[in-house]
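Take a look at the structure below.
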Amino acid sequence: MSHLRREVLKFRRTIILMKQRLVNLLLPLVDIDEKRLLSLIEIPPSREQGDLAFPCFQLAKQWRKAPHLIAQELAEQLNPDTLTASGFSKVEATGPYLNFFFERQKLANQLLSISVEEQLADHQIGANQTVVIEYSSPNIAKHFKLYHIRSTMIGQALANTYAALGYHVERINHLGDWGTQFGKLLAAYFRWGEDEKIKADPLTELVHLYVKFHEEAEKNPDLEEEGRHWFKRLEEQDPEATRLWEWFKEESMKEFEKIYQLLGVRFDHYLGESFYSSKMDEIVALLEEKGLLKESEGAQVVPLDEEQLPPCIIKKSDGASIYATRDLAAAIYRYERFKPIKMLYVVDYRQSLHFQQVFAVLKRIDPIYEQICEHIDFGVMKIEGEIGSTRKGKGLLLHEVLNEAVKRAEQIINEKNPQLANKEEVAKAVGIGAIIFNDLKHHRTREVNFVWDEAFNFEGKTGPYVQYTHARILSLLRRAGAVEVSPLEHPLYEQPLCWEILYTLYRYPSVLEETVEKNDPSQIAKYLLDLCQLFNRFYAEERIIVEDQAETQAKLALCQHIARVLKHGLKLLTIEAPDEI
RNA sequence: GAGCCCGUAGCUUAAUGGAUAGAGCAGCGGCCUCCUAAGCCGUUGAUGCAGGUUCGAUUCCUGCCGGGCUCACCA
């Protein structure tokens, strides 16, 4: 093993490895167990203070001594040679904190000489583990609405991030293609449907029929019964009902595919609810065998008194299945087929009670489900403050919003960079990127209020800002003509702003780890914004291409790495990073 | 009524119980004879209310006020 290679390994694993090193240094000096000690290590608010910190408050209590005195004592006790051997240049006591500094030049050199993928290669926490993620899951016979973007993009970004950390990922689109709603649609079709109109504009006409059904049902309650009846016939594989259902599904898929293509979203499996319709009897038999099923008001239910939840309905009084039954079948199917360590459901928070019930039933079938099932709930999307209802046929269409965003991007390009070669392509990347980023930058559980002017804003904390920063760096690299940027140690890297950037780059893998820990892609979005802001400040303060060759190299190596991380991060969010914008 | 979630600046928001509560938008004032001004710098401005736990609370607990969601044959 070469000297350089060993040095690379010394730092590669990012902050997490360095924290462990720090713990090893402190362990002989304090009487705190290793795990606890590790959890106490924190990152100081500014790099001026240090790169890692150990707060001495806990010890103060134990030792009955002022924390700032303890920090001073510990600083003196730490051997400088041992520090150096662990990659630290010095330690300082600042008030009650013991602050550690990395060997910055060396670390910088080593970090910049590896690619993002190499850095992540040491961080494959998911190797040999499978994660199943269910997301997007639109209902057929309805348009793909703007609010569907939440489940779709959160799920896709999570899938990408899990994959980047070495997990094997199964992406499932749990299409809403079964249930009483299709009975209602069939009932409406037989009453008012016209094939010509449906052929002309399938989804619009089907939604029209569905809305009409609900309007009429308010006046004539018998219609509800008619809808349930048609669903029952569909479940019994009535040929006419099945033929129509297949037709409606096919037309829906055509539209969904167009949207997914635009967004860059893909799935490993399209396993809609209908896929499990044949497994209903199995589920009922299984629950019966376990003695979980009870009759209540004519329906078959699993009581969940222990969890203080309402009972979970398995079979309706007319014998038809219900969505909980299909979710049970889906969970069992997924577990048996993929043997995952996690099964995630990216569905908005209004369904949290439903998932609590389903998970509680699964737990009774096999306790393993409690460990692996997780509802990744997210806040619903409001449009200009309002929540749309599909039953009334409201809500913005996603493809209309995307088209508008691309149009806006085109205008801005014509204004700011009219010479750009592939305007159309870039406008698409920027417009759609703006919409996706605007959604993903919000913390998962927050409600997102879609406001046109904010979503189409291309300045500040936006996707285009990140894309712009990326393009700016590539422009620098082109101008310098430096394709091969060779790594070197340089005092520049110790300057506060440069070091802050390097430290941020060094943290990247831990940001991905946090993203999958919290199942929250906004961690990546926020990180990218921070990185951009740092770079843009650097760019404003310093000339990158200068007389001094070594300095130019040092700066370009830094810039190049920033660009790579930006591109990598955007890709995880399913956003393109054009070379020029 | 019960359960769950949320109240941070005019607006949108950040902060594993820790150091000076960090940004963006909007406003005001600066910065392109020089590498993409979709940028940068400066400036005004915030933890709903009352208690409690703690060396330390935006964060944890209790109550109140305000908002959202859900509560058996829809998904």
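Order of the sequence lines sets the chain letters (A, B, ...), proteins ahead of strands, with each chain counted from 1.
- Residue A:Gln351 is classed as a base contact, given a heavy-atom separation below 4.0 Å to a base.
- As judged by a 4.0 angstrom heavy-atom cut-off over every strand, A:Arg543 is placed among the base-contacting residues.
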*Check against ring-ring contact (aromatic ring centres under 6.0 Å, His included), A:Tyr345 and A:Phe355*: CA-CA 9 Å; A:Tyr345 297 81; A:Phe355 281 112; 5.0 Å; yes
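- Using a 4.0 Å heavy-atom distance criterion, A:Leu529 is classed as making no nucleic acid contact.
- Residues A:Lys315 and A:Tyr465 both approach RNA chain B. Their nearest nucleotides, taken by heavy-atom distance, put A:Tyr465 toward the 5′ side.
- With hydrogens and angles disregarded, a donor-acceptor distance shorter than 3.5 Å links the side chain of A:Asp548 to the backbone of A:Glu551.
- Atom CD in A:Gln357 sits about 14 Å away from atom P in B:rC74, given to the nearest Å.
- The residue among A:Ser39 and A:Glu297 whose nearest nucleotide of RNA chain B lies closer to the 5′ end is A:Ser39.
- Judged by the 6.0 Å distance and 45° axis criteria, A:Arg47 is positioned over the aromatic ring of A:Tyr503.
- Contacts of A:Ile545 with the nucleic acid, taken as non-hydrogen atoms under 4.0 Å apart, include base atoms.
- In this structure, the CD1 atom of A:Ile581 is 6 Å from the C1' atom of B:rA38, given to the nearest Å.
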*Taking protein heavy atoms under 4.0 Å as touching, what does nucleotides 52-61 of chain B look like 5' to 3' if B marks base contact, S marks sugar-phosphate-only contact and - marks none?*
---B------
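- When the P atom is compared between B:rU59 and B:rA19, the two are found 13 Å apart, to the nearest whole Å.
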*Represent RNA chain B in dot-bracket notation, 5' to 3'. Only Watson-Crick or G-U wobble pairs with both distances under 3.5 Å count; pseudoknot-style crossings use [ ] and interstrand partners use |.*
(((((((..((((....[...)))).(((((.......)))))....(((((..]....))))))))))))....
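- Distance A:Met381 CE to B:rU12 C1': 13 Å, rounded to the nearest Å.
- Atom pair A:His442:NE2 and B:rA23:C1' shows a separation of 13 Å (rounding to whole Å applied).
- Rounding to whole angstrom units, CD of residue A:Glu447 and P of B:rC4 are separated by 18 Å.
- Distance CG (A:Asp579) to C1' (B:rU36): 14 Å, rounded to an integer number of Å.
- A salt bridge does not link A:Asp318 to A:Arg228: none of the charged nitrogens lies less than 4.0 Å from a carboxylate oxygen.
- For the pair A:Phe458 CZ and B:rC25 P, the computed distance is 15 Å after rounding to whole Å.
- Atom CD of A:Glu576 is surrounded by 12 or fewer heavy atoms from other residues, nucleotides or ligands within 6.0 Å.
- A:Lys35 has no carboxylate O lying under 4.0 Å from a charged side-chain N of A:Asp33, or vice versa, which leaves the two without a salt bridge.
- Taking the six-membered ring wherever Trp is involved, the centroid distance between the rings of A:Tyr349 and A:Phe378 does not fall below 6.0 Å.
- Contact check for A:Ile473 versus A:Gln560: no side-chain heavy atoms found under the 4.5 Å cut-off.
- Residue A:Glu580 contributes atom CD, which lies 14 Å from atom C1' of B:rC35 at whole-angstrom precision.
- What you find for A:Pro311 and A:Pro303 is that their closest heavy atoms are CB-CA, 4.1 Å.
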